[in-house]
There are 2 protein chains.
Amino acid sequence: MATIKDVARRANVSVTTVSATINGTAPVSDALKARVWAAIREVGYQPDPIARNLRKGVSTTIGLIVPDISIPWAAHLAKSMQRAFSEIGYNMLFASSEDDPEREFSEIEVFSAHRVAGLVVVPTSRGENYSARLVETIHVPTVLVDRVLPQRHFDSVTDDNLLGAQMIVRYLHKLGHRDIAFMAGRAGISSSDERLAGFRRTMDETGVAIREELVRQPVYLRDHAYATVQQLMTMRDPPTAIVCINIAQLLGTMAGLGNLGLSAPDDVSVISFDGFHPAEGWSPAITSLKQDIATTSTRAAELLMARIREENQPEPQIIRVPPSLQIRSSCRAVA
Amino acid sequence: MATIKDVARRANVSVTTVSATINGTAPVSDALKARVWAAIREVGYQPDPIARNLRKGVSTTIGLIVPDISIPWAAHLAKSMQRAFSEIGYNMLFASSEDDPEREFSEIEVFSAHRVAGLVVVPTSRGENYSARLVETIHVPTVLVDRVLPQRHFDSVTDDNLLGAQMIVRYLHKLGHRDIAFMAGRAGISSSDERLAGFRRTMDETGVAIREELVRQPVYLRDHAYATVQQLMTMRDPPTAIVCINIAQLLGTMAGLGNLGLSAPDDVSVISFDGFHPAEGWSPAITSLKQDIATTSTRAAELLMARIREENQPEPQIIRVPPSLQIRSSCRAVA
DNA sequence: CCTGTTTGACGAAACGTTTCGCGTCGCTAT
DNA sequence: ATAGCGACGCGAAACGTTTCGTCAAACAGG
């Protein structure tokens, strides 16, 4: 592997000059610049990122931490992120927190030790003093994705959950649904809280009283939903529509309905916040919100790069990306 | 950030001694060892991985390159891999080749520059002299996953595709199917080639003549399958069963059937090599092979670590992980 | 013509480790 | 006794960069 010294020798200049030409950090005469570039090409020199990192104290790597990469949403995020960053010459360290705050913090520290230039985190948002602990652990430019924290310490990009809830409720309302079940996730997770709040608000707006016995919380694992939906559907006066908050819930709900011999949309309408897209060919095709992951990734990358380059607006920003409603066949009109 | 010098000062020993105690590379008396460890704890010292990498010429990071992380299979692989490696103190750089050999090679070079300790690659397996080029580009311990190359230059872990094909064909045969359509992928991709070969071989074994007009190749995009399945089903004498080789094909097939107003298993049986698991609650639930991704990851990690630690068997090894057949409801018996 | 400033180039220090080679001490075998 | 050897500890070099401070030359203004 050719080193900068080889280049210097070859171009008959000092190491300093080679570094200066490459990085443009100091003025170099055109004549020497040419000699240096030629020499670089001739010896096939590539700067050693490790040495560079050591000296500069910061790398050209960004770290991505998600709860679970095997969730399609997270996988798409990782893909878009990686594309966005590789285009500007950054590469990506990756880790799963497995929704465990301890793992999450430990990964953050590992990444920090590796001197990542920035961090993209889908925070677990759990545990005592989570937010404070995060602020105290992170000393790198960071952008939070999907879940936002009550305190705005970090730039964040998330879905516009209030808008999404509004779309869902209005759509169901238009179809004549009044008895709507809502399965909320863990309280304290912003995406769940916001979706529930949006549900309540839009129900109010449409003038329909919420039947509180149809609002269940917390339901965040597949099996919770599996059980909950069966409770809901065996009530004296079951809901005519069920709102699912994420994929796990949706899968549990469908399985639970199946177990009761029920199906959507004939026996009950099902709609979901998180998209699920084998779509055509399977029934039922689930009517759901489609999150704009590409935009989310791009915005997050932009925010992060601005911080890294310090061109930034000092105030942490929250960007909300609007979803779109994909109407398929899991909801039907009722009298 | 505390440095090794701080520890040395605190413990009143030389830097060399501190390094020796930490790494066990040279004998240190118990008394000093104790002093050093105490000092480490007191100043909260953590070795700087960057500096270590620079000096040792190799990092504690491994690189993962997959064609597309948003494919569930790849996402699961990434998850298992990351878990396996983080347990032994390695972290993971990640990149998508987007099935483009140029990107793939470029990522390999970037990772090499970062001095990864090893590489896990799902090779694109495309382009001229692919195998030779790979050998020439890679100078790090490497294990190939999913797709194997004709020349055994690298350790590889892959599904036992011949066995899988055998399971599928025997199952269909038992249900009475004789007119079986097979959509192969790109020729030259080992997984596709092996599956096709296994199909042919087992058909021979069962004594059923293959209707060559039902074997289509190449069909590797969703839209190919969408078109192909409609051709197949509008033939004078359509197949009674269709074998799909991967998810993209399966999705296209289901959509294509839907477009013709047909459905599985009533009009035709559908079976797939790659598992697809929303499963319960949706119809049809696809009968498919389940790949043992956990085992695949573990084996790959083991192979790679053996190479890295040089405990290894000099000969590159190919490990084949057997799949299992998950019988659901997309296939039915025929007369 | 002198002073002050800018431009261009360089040597050497620094980043935080690991490792090479050397020196000292105490022990054992001659 | 003393040569030889192992165990232990240390200083300094090395890894490949970037950057600081210095310096010579060229150039501007008075």
Side-chain angles (χ1 to χ4, degrees), chain A residues 1-40 43-61 89 109-110 112-117 139-140, chain B residues 1-40 43-61 89 109-110 112-117 139-140:
Chain A
M1 201 52 75
T3 148
I4 206 175
K5 243 185 209 162
D6 303 323
V7 178
R9 216 176 345 249
R10 178 100 186 189
N12 208 7
V13 297
S14 76
V15 179
T16 309
T17 305
V18 177
S19 176
T21 22
I22 293 177
N23 301 300
T25 51
V28 177
S29 69
D30 291 345
L32 281 202
K33 257 186 214 159
R35 286 226 312 270
V36 168
W37 284 120
I40 286 177
V43 305
Y45 169 70
Q46 302 241 149
D48 181 332
I50 304 277
R52 205 201 282 263
N53 292 353
L54 176 60
R55 177 61 228 226
K56 306 194 25 163
V58 63
S59 76
T60 166
T61 299
E109 276 170 0
V110 170
S112 301
H114 277 263
R115 290 209 176 74
V116 291
H139 304 102
V140 201
Chain B
M1 203 50 74
T3 148
I4 205 175
K5 242 183 208 162
D6 303 324
V7 177
R9 220 179 337 255
R10 178 100 185 189
N12 208 7
V13 297
S14 77
V15 180
T16 309
T17 304
V18 177
S19 177
T21 23
I22 293 177
N23 301 300
T25 50
V28 176
S29 68
D30 291 347
L32 281 202
K33 258 186 213 156
R35 282 223 317 266
V36 168
W37 283 120
I40 287 178
V43 304
Y45 169 70
Q46 301 243 148
D48 180 333
I50 304 277
R52 204 200 284 262
N53 293 352
L54 177 61
R55 177 61 229 227
K56 306 195 23 163
V58 63
S59 76
T60 166
T61 299
E109 276 171 0
V110 170
S112 300
H114 276 264
R115 291 211 176 72
V116 290
H139 304 102
V140 201

Would you please confirm or rule out a distance under 4.0 Å between OP1 or OP2 of [N] and any side-chain N or O of [X]?
X: A/T25; N: D/dT18; value: no
X: B/N53; N: C/dT17; value: no
X: B/T3; N: C/dC15; value: no
X: A/T16; N: D/dT18; value: no
X: A/S19; N: D/dT17; value: no
X: B/T17; N: D/dG9; value: no

Taking atom [atom2] of [N] as reference, at what distance in whole Å does atom [atom1] of [X] sit?
X: A/D48; N: D/dA14; atom1: CG; atom2: P; value: 18 Å
X: B/K5; N: C/dA14; atom1: NZ; atom2: P; value: 8 Å
X: A/K33; N: C/dA9; atom1: NZ; atom2: P; value: 9 Å
X: B/N23; N: C/dG16; atom1: CG; atom2: C1'; value: 13 Å
X: B/H114; N: D/dC15; atom1: NE2; atom2: P; value: 21 Å
X: B/L54; N: D/dT17; atom1: CG; atom2: P; value: 9 Å
X: B/I50; N: D/dG16; atom1: CD1; atom2: C1'; value: 13 Å
X: A/R52; N: D/dC15; atom1: CZ; atom2: P; value: 19 Å

Per [X] side chain, nearest of listed nucleotides [options]:
X: B/I4; options: C/dG8, D/dG16, C/dT18; value: C/dT18
X: B/S29; options: D/dC8, C/dC10, C/dT7; value: D/dC8
X: A/K56; options: D/dG9, C/dG16, D/dT18; value: D/dT18

Between CZ on residue A/R52 and CD1 on residue A/I4, distance to nearest 0.5 Å: 8.5 Å

Please round to the nearest 0.5 Å and tell me the distance separating atom CZ of A/R35 and atom OG1 of A/T21. 11.0 Å

So do the side chains of B/H114 and A/T61 get within less than 4.5 Å of each other, counting heavy atoms only? yes

Establish whether the base of C/dT18 is bridged to the side chain of B/R55 by a donor-acceptor pair shorter than 3.5 Å. yes

Return yes if the base of C/dG11 and the side-chain atoms of A/S14 contain a donor-acceptor N/O pair under 3.5 Å, otherwise no. no

Hey, does B/P49 reach any base, or is it just sugar-phosphate, or nothing, if we go heavy atoms under 4.0 Å? nothing

Tell me what A/L32 touches on the nucleic acid: a base, only sugar-phosphate, or nothing, going by heavy atoms under 4.0 Å. sugar-phosphate

Answer yes or no: is there a donor N or O on one side and an acceptor on the other, between the side chain of A/S59 and the main chain of A/N53, under 3.5 Å? no

Looking at B/T60 and B/P49, would you say the former's side chain and the latter's main chain have a donor-acceptor pair under 3.5 Å? no

Starting from the C-alpha separation in whole Å, work towards a yes-or-no answer on side chain to side chain contact (heavy atoms under 4.5 Å, CB included) for B/D6 and B/R9. CA-CA 5 Å; B/D6 303 324; B/R9 220 179 337 255; 3.1 Å; yes

Earlier contact from the 5' end, DNA chain D, for B/A51 and A/V15: B/A51

Toward the 5' end of DNA chain D, by each residue's nearest nucleotide, A/Q46 or B/V28: B/V28

